[in-house]
Participant: 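Quick one: the structure is below, questions incoming.
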Amino acid sequence: SSSVSSSSSSSSSSSSSSLSWYQPSVSTTWQWQLSGAINTSYEVDLYDIDLFDTPQSTIDDLHARGIKVICYFSAGSYEEWREDALDFPQEALGNDLSGWPGERWLDIRNEEIHAIMRERLDLAKTKGCDGVEPDNVDGYTNNPGFDFDANDQLAYNIFLAESAHERDLSIALKNDLGQIGTLIEYFDFAVNEQCHEYDECELLEPFIQAGKAVFNAEYNERYENEETLKLLCEDARLRSFQTLYLPSNLNDKFRVSCAVRNE
């Protein structure tokens, strides 16, 4: 099948855009749950849920309510419990991810890894996902056990974005704040963890300036304090970020949204 290169504009499916895949706007509201049975009761525009674990019926139910579905998978790490775990070549498995048992960094330069990620994108397309959130795409800033550098990371992340777009899938840039300047033209929105906590939110503002959503999650328990939470939400709204205060294992034990004051 012929793929459309990212530089040429594909046929327009909407008058407002020359791109045929979904692009969340800055005002798009969201819910993020990656573990446990998905609570589909939130009145939001978009759900970000696990590609493998989410039943097809859940995706279909969300779509029936007009809710977009973003499917999460790890693009930069091996997870021993995934159904395609046996496809990963031993030589591409690196160091353990600190704090995440059974998970190891990947050698993102390995062609077999690229092939596995194409298959995961095919699965996302088959399941009807509107887009994807590939995780762990900043291995070069960690200790992956391989000597790949920032340029290797850029090449891999661009490969992921172009492969998603070839399948008419939207794609999130997950964290990887240091490469936003180069990658913003390839990615449709940002998913970030704890930019308020680490005072990094200004690095994400190019997405807002480009009319692309920033979905942010904060985990620190200090946001249980009403005054601290109020300040967090004021900052998020000033930046036009879609910030949620969530449990760090993303199991829907609680949810506080800065999108609407009285939610």
Side-chain angles (χ1 to χ4, degrees), residues 22-36 38-50 62 65-72 130-138 141 170-181 183-263:
Y22 170 58
Q23 293 161 87
S25 70
V26 169
S27 62
T28 301
T29 56
W30 75 310
Q31 166 61 352
W32 197 17
Q33 185 182 348
L34 297 182
S35 61
I38 304 297
N39 174 2
T40 59
S41 69
Y42 294 109
E43 295 295 329
V44 294
D45 302 318
L46 175 155
Y47 266 72
D48 187 340
I49 51 186
D50 190 89
L62 290 168
R65 287 168 50 205
I67 295 171
K68 298 294 186 180
V69 175
I70 302 299
C71 294
Y72 167 98
D130 299 288
V132 290
E133 183 218 326
D135 198 7
N136 299 306
V137 295
D138 52 4
T141 67
S170 186
I171 185 167
L173 181 62
K174 176 71 167 289
N175 299 324
D176 195 21
L177 298 173
Q179 298 191 323
I180 285 174
L183 293 176
I184 187 160
E185 65 178 288
Y186 295 94
F187 285 80
D188 302 294
F189 59 103
V191 173
N192 174 263
E193 294 172 297
Q194 297 177 279
C195 79
H196 298 274
E197 179 79 15
Y198 298 122
D199 198 21
E200 297 171 332
C201 291
E202 68 280 356
L203 296 172
L204 289 150
E205 286 174 356
F207 274 95
I208 300 297
Q209 289 155 11
K212 298 177 178 186
V214 172
F215 299 118
N216 164 255
E218 297 292 328
Y219 306 132
N220 192 311
E221 289 172 1
R222 67 194 173 96
Y223 296 122
E224 290 174 20
N225 175 292
E226 195 172 327
E227 189 58 33
T228 315
L229 183 66
K230 182 167 171 273
L231 292 171
L232 169 71
C233 287
E234 283 173 1
D235 185 48
R237 288 193 201 102
L238 279 173
R239 299 179 190 274
S240 298
F241 287 8
Q242 297 294 338
T243 291
L244 302 176
Y245 168 45
L246 298 171
S248 59
N249 63 354
L250 300 173
N251 66 353
D252 191 50
K253 188 176 179 186
F254 63 86
R255 176 183 189 269
V256 181
S257 170
C258 290
V260 183
R261 287 178 195 281
N262 59 1
E263 184 171 278

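We number each residue from 1, following the sequence as shown.
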Participant: Go through the structure and list residues passing side-chain hydrogen bond (donor to acceptor under 3.5 Å, both in side chains) with Gln31, not counting sequence neighbours.
Facilitator: Asp252, Arg255
Participant: Are there more than 12 heavy atoms of other residues, nucleotides or ligands under 6.0 Å from atom CD of Glu221?
Facilitator: no
Participant: Do you know the tightest heavy-atom contact between Tyr219 and Ser248?
Facilitator: CD2-CA, 3.6 Å
Participant: Side-chain contact, heavy-atom cut-off 4.5 Å: Tyr22 with Thr28?
Facilitator: yes
Participant: What is the ring orientation for Phe241 with His196, classed by angle as parallel under 30°, tilted 30 to 60°, or perpendicular over 60°?
Facilitator: perpendicular
Participant: Write out all pairs satisfying disulfide (SG to SG under 2.5 Å) with one or both partners inside residues 196-243, taking only residues at least two apart or from two chains.
Facilitator: Cys195-Cys201, Cys233-Cys258
Participant: Can you check whether Ala213's main-chain N or O pairs, donor with acceptor, with Gln242's side chain at less than 3.5 Å?
Facilitator: no
Participant: Using 0.5 Å steps for rounding, measure from the OH atom of Tyr223 to the CG atom of Leu229.
Facilitator: 9.0 Å
Participant: Please list every donor-acceptor pair under 3.5 Å in which a side-chain atom of residues 205-212 meets a protein atom from a residue at least two apart or in another chain.
Facilitator:
residue, atom, partner, partner atom, Å
Glu205, OE2, Arg239, NH1, 2.6
Lys212, NZ, Ile184, O, 2.7
Lys212, NZ, Phe187, O, 2.7

Participant: So, taking the atom named CG in Asn216 and the one named CG in Leu246, what distance separates them when rounded to the nearest 0.5 Å?
Facilitator: 9.0 Å
Participant: Can you tell if the side chain of Asn192 reaches within under 4.5 Å of the side chain of Asn175, non-hydrogen atoms only?
Facilitator: yes
Participant: Taking only residues two or more places apart in sequence, or in another chain, which ones meet Lys253 in a salt bridge (charged side-chain N to carboxylate O under 4.0 Å, His left out)?
Facilitator: none
Participant: Search all heavy atoms of Leu203 against all heavy atoms of Leu177 and return the closest pair with its distance.
Facilitator: CD1-CB, 3.9 Å
Participant: As an exercise, state the distance from CD of Gln33 to CG of Asn249, rounded to the nearest 0.5 Å.
Facilitator: 9.5 Å
Participant: Would you please name every residue forming a side chain to side chain contact (heavy atoms under 4.5 Å, CB included) with Thr141, sequence neighbours left out?
Facilitator: Asp138
Participant: Give a yes or no answer on whether the side chain of Glu133 reaches the backbone of Asp48 with a donor-acceptor pair at less than 3.5 Å.
Facilitator: no
Participant: Rounded to the nearest 0.5 Å, what separates atom CG in Asn220 from atom CG in Leu232?
Facilitator: 10.0 Å
Participant: Check whether any side-chain N or O of Gln23 sits under 3.5 Å from a backbone N or O of Ser170 as a donor-acceptor pair, and report yes or no.
Facilitator: no
Participant: State which residues pass ring pair (Phe, Tyr, Trp, His ring centres under 6.0 Å) with Trp30; sequence neighbours excluded, sorted by chain then number.
Facilitator: Trp32, Phe215
Participant: Under the side-chain hydrogen bond (donor to acceptor under 3.5 Å, both in side chains) rule, collect the residues that match up with Asp45, sequence neighbours excluded.
Facilitator: Thr29
Participant: Only counting residues at least two apart or in another chain, list the ones meeting side chain to side chain contact (heavy atoms under 4.5 Å, CB included) with Leu62.
Facilitator: Thr40, Tyr47, Ile49, Thr58, Arg65, Ile67, Val69
Participant: Would you name the heavy atoms of Ser41 and Asn39 that are closest together and state the gap between them?
Facilitator: OG-OD1, 2.7 Å
Participant: Would Glu234 and Lys230 count as a salt bridge (Lys or Arg N to Asp or Glu O under 4.0 Å) here? Give the steps.
Facilitator: CA-CA 6 Å; Glu234 283 173 1; Lys230 182 167 171 273; 3.3 Å; yes
Participant: My understanding is that only residues two or more places apart in sequence, or in another chain, count here; which of them pass salt bridge (charged side-chain N to carboxylate O under 4.0 Å, His left out) with Asp135?
Facilitator: Lys174
Participant: Which residue pairs pass the salt bridge (Lys or Arg N to Asp or Glu O under 4.0 Å) test when at least one of the two sits in residues 183-200, sequence neighbours left out?
Facilitator: Glu197-Arg222
